[in-house]
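For reference, the structure is listed below as structure tokens.
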Amino acid sequence: NSESYVIEIASNDGYLLQYFKEKNIPLLGVEPCASVAQAALAKGIDTSINFFGYNFAKTLSKKADLAHMSNVLAHVPDINDFVKGLREILSPQGTITIEFPHLLNLIKFNYWDTIYLEHYSYLSAIFVKKLFEAHGLKLYDIEELPTHGGSLRVYACHTANNNIAESFNVKRIFDKEKEFGLDKTEVYSQYNEIVKQSKRDILSFLNAIKNQGKSIAAYGASAKGTTVFNYCGISTDYIDYSADITPFKQNTFLPGCHIPVKSPDEILKTKPDYILITIWNFKEEAMKKLEFVKKWGAKFILLSPKPEIID
């Protein structure tokens, strides 16, 4: 309500905070990228252009009743300093909500293409609980979400806050992670070998297509696709180009593999035999947009979590 105070870390252009503003809830966005922070300020959303950490948190005089962040914790170089800062900004009865991709799903469903340079950490509930406890915070609830192949949204408060009881969801997710073996090093060693086999499977799959003299274009100049292409050593010897709807990506090259990025209009011009969808988390939407390729008999392919042809 109007007596509360909300802080969002990595608030971007204020998209989420605008809904708090509509309800006259006092707020602050913290966003290190000046250009998108300016977009938030233009909407009248109070935004500090800073990286969040303990030293910055000490400069804030007002404590947050809600501190929210989505897909930020995995990006933080000094995760202990970050969480120490969260404790510093949280009011005595306040709540922290953090959303991040779930390490369990990454390994279980072989989403290794979500491992890329922006991420310093891949997080489990087991780890996050220990991390919070080390800084005087307690994890009291967890939600499972479908985003990024499966994410967690965790809720935390001060350890001294006895007004909030721990939800059964915490034990349920912990049990699921322990049953899978996330608390044992063997799971991670085994996954190393699974990823290597994925690479061999992908190259065999693409070789079979190219050996038939077929052409392949990618759809989506995405981080996921770039990770796969670079790890597998895939360049224009396999993929002619990558089509993307985002104008500022067009007429550039994918990093490392140097596959050119074109407008989707290029697909109509070149009529490739196969369309590789790199944005597998939006595959239904992508295939619907590209339905016109069926006119010349093109087929869709995915490389993650396993290589396959989709008619």
Does [Y] offer a backbone N or O that forms a donor-acceptor pair with the side chain of [X] under 3.5 Å?
X	Y	answer
Lys21	Gly44	yes
Gln18	Tyr15	yes
Thr59	Asn55	no
Thr236	Ile239	no

Any donor-acceptor pair under 3.5 Å linking the side-chain atoms of [Y] with those of [X]?
X	Y	answer
Ser2	Asn24	no
Ser235	Asp237	no
Asn163	Gln93	yes
His102	Glu177	yes
Trp280	Asp113	yes
His119	Ser121	no
Asn207	Tyr238	yes

Considering only heavy atoms from C-beta outward, does the side chain of [X] approach that of [Y] to under 4.5 Å?
X	Y	answer
Asp201	Ser204	no
Ile96	Cys157	no
Ile310	Ile301	no
Ile107	Tyr188	yes
Leu139	Val170	yes
Ile309	Lys299	yes
Phe292	Leu268	yes
Pro32	Asn50	no

same_hphob_cluster([X], [Y]) at 4.5 Å side-chain heavy-atom cutoff:
X	Y	value
Ile202	Ile115	yes
Ile89	Tyr54	no
Leu103	Phe180	yes
Leu73	Val30	yes
Met287	Tyr219	yes

Given Asn110 and Ser304, is the side chain to side chain donor-acceptor pair (under 3.5 Å) satisfied, shown in steps? CA-CA 8 Å; Asn110 203 24; Ser304 180; over 6 Å; no
Distance to the ring centre below 6.0 angstrom and angle to the axis at most 45 degrees; does that hold for [X] and [Y]?
X	Y	answer
Lys199	Tyr231	yes
Lys62	Tyr5	yes
Lys262	Tyr241	no

Which atom pair, heavy atoms only, marks the closest approach of [X] to [Y]?
X	Y	result
Lys210	Lys214	NZ-O, 3.1 Å
Ala286	Ile279	CB-CD1, 4.4 Å
Ala243	Ile267	CB-CD1, 3.8 Å
Trp296	Pro272	NE1-O, 2.9 Å
Asp273	Ser215	OD2-N, 2.8 Å
Ile79	Phe127	CD1-CE2, 4.1 Å

I would like to know whether Val6 and His68 meet side-chain contact (heavy atoms from CB on, under 4.5 Å); could you show each step before the answer? CA-CA 8 Å; Val6 174; His68 168 77; 5.6 Å; no
Would you say [X] has more than 12 foreign heavy atoms packed within less than 6.0 Å of its [atom1]?
X	atom1	value
Gln212	CD	yes
Glu3	CD	no
Lys43	NZ	yes

Any chance you could measure [X], atom [atom1], to [Y], atom [atom2], to the nearest 0.5 Å?
X	Y	atom1	atom2	answer
Leu86	His158	CG	NE2	10.0 Å
Phe100	Ile98	CZ	CD1	7.5 Å
Phe300	Tyr274	CZ	OH	12.5 Å
Lys289	Phe282	NZ	CZ	10.0 Å
Asp81	Glu88	CG	CD	11.0 Å
Leu137	Leu131	CG	CG	8.5 Å

Please report the C-alpha distance between Leu27 and Ile7 in whole Å, then the side-chain angles of each, then the deciding distance to 0.1 Å, and finally whether the side-chain contact (heavy atoms from CB on, under 4.5 Å) criterion is met. CA-CA 6 Å; Leu27 55 84; Ile7 297 177; over 6 Å; no
Verify whether the ring centers belonging to Phe51 and Phe56 lie closer than 6.0 Å. no
For a quick test of your reading: what N or O donor-acceptor pairs under 3.5 Å do the side chains of residues 246-256 make, sequence neighbours left out?
unit_1 : atom_1 : unit_2 : atom_2 : d
Thr246 : OG1    : Asp244 : OD1    : 2.8
Lys249 : NZ     : Ala221 : O      : 3.0
Gln250 : NE2    : Asp244 : O      : 2.8
Thr252 : OG1    : Lys249 : O      : 2.4

Between Glu285 and Lys288, does any NZ, NE, NH1 or NH2 come within less than 4.0 Å of an OD or OE carboxylate oxygen? no
Is the closest basic N to carboxylate O distance between Asp175 and Lys171 below 4.0 Å?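 The answer is yes: the pair qualifies as a salt bridge.
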Mind running side-chain contact (heavy atoms from CB on, under 4.5 Å) on Leu60 and Leu28 for me, showing each step along the way? CA-CA 10 Å; Leu60 301 180; Leu28 174 69; 3.9 Å; yes
Steps toward side-chain contact (heavy atoms from CB on, under 4.5 Å) verdict (Thr270, Asp240): CA-CA 10 Å; Thr270 61; Asp240 296 337; over 6 Å; no
Can you run down the side-chain hydrogen bond (donor to acceptor under 3.5 Å, both in side chains) pairs that involve residues 127-147, sequence neighbours left out, and say none if there aren't any?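 As it turns out, the side-chain hydrogen bond (donor to acceptor under 3.5 Å, both in side chains) pairs with a partner in residues 127-147, which skip direct neighbours, are Asn80-His135, Thr95-Tyr140, Glu99-Thr147, Lys129-Glu133, Asp141-Ser167, Asp141-Asn169, Glu143-Arg153, Glu143-Tyr155, Glu144-Arg172, Glu144-Lys176, Thr147-Ser151.
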Matching residue for Leu152 among Val128, Leu104, Leu145, Ile142 - test: side chain to side chain contact (heavy atoms under 4.5 Å, CB included):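 Exactly one pass, corresponding to Ile142.
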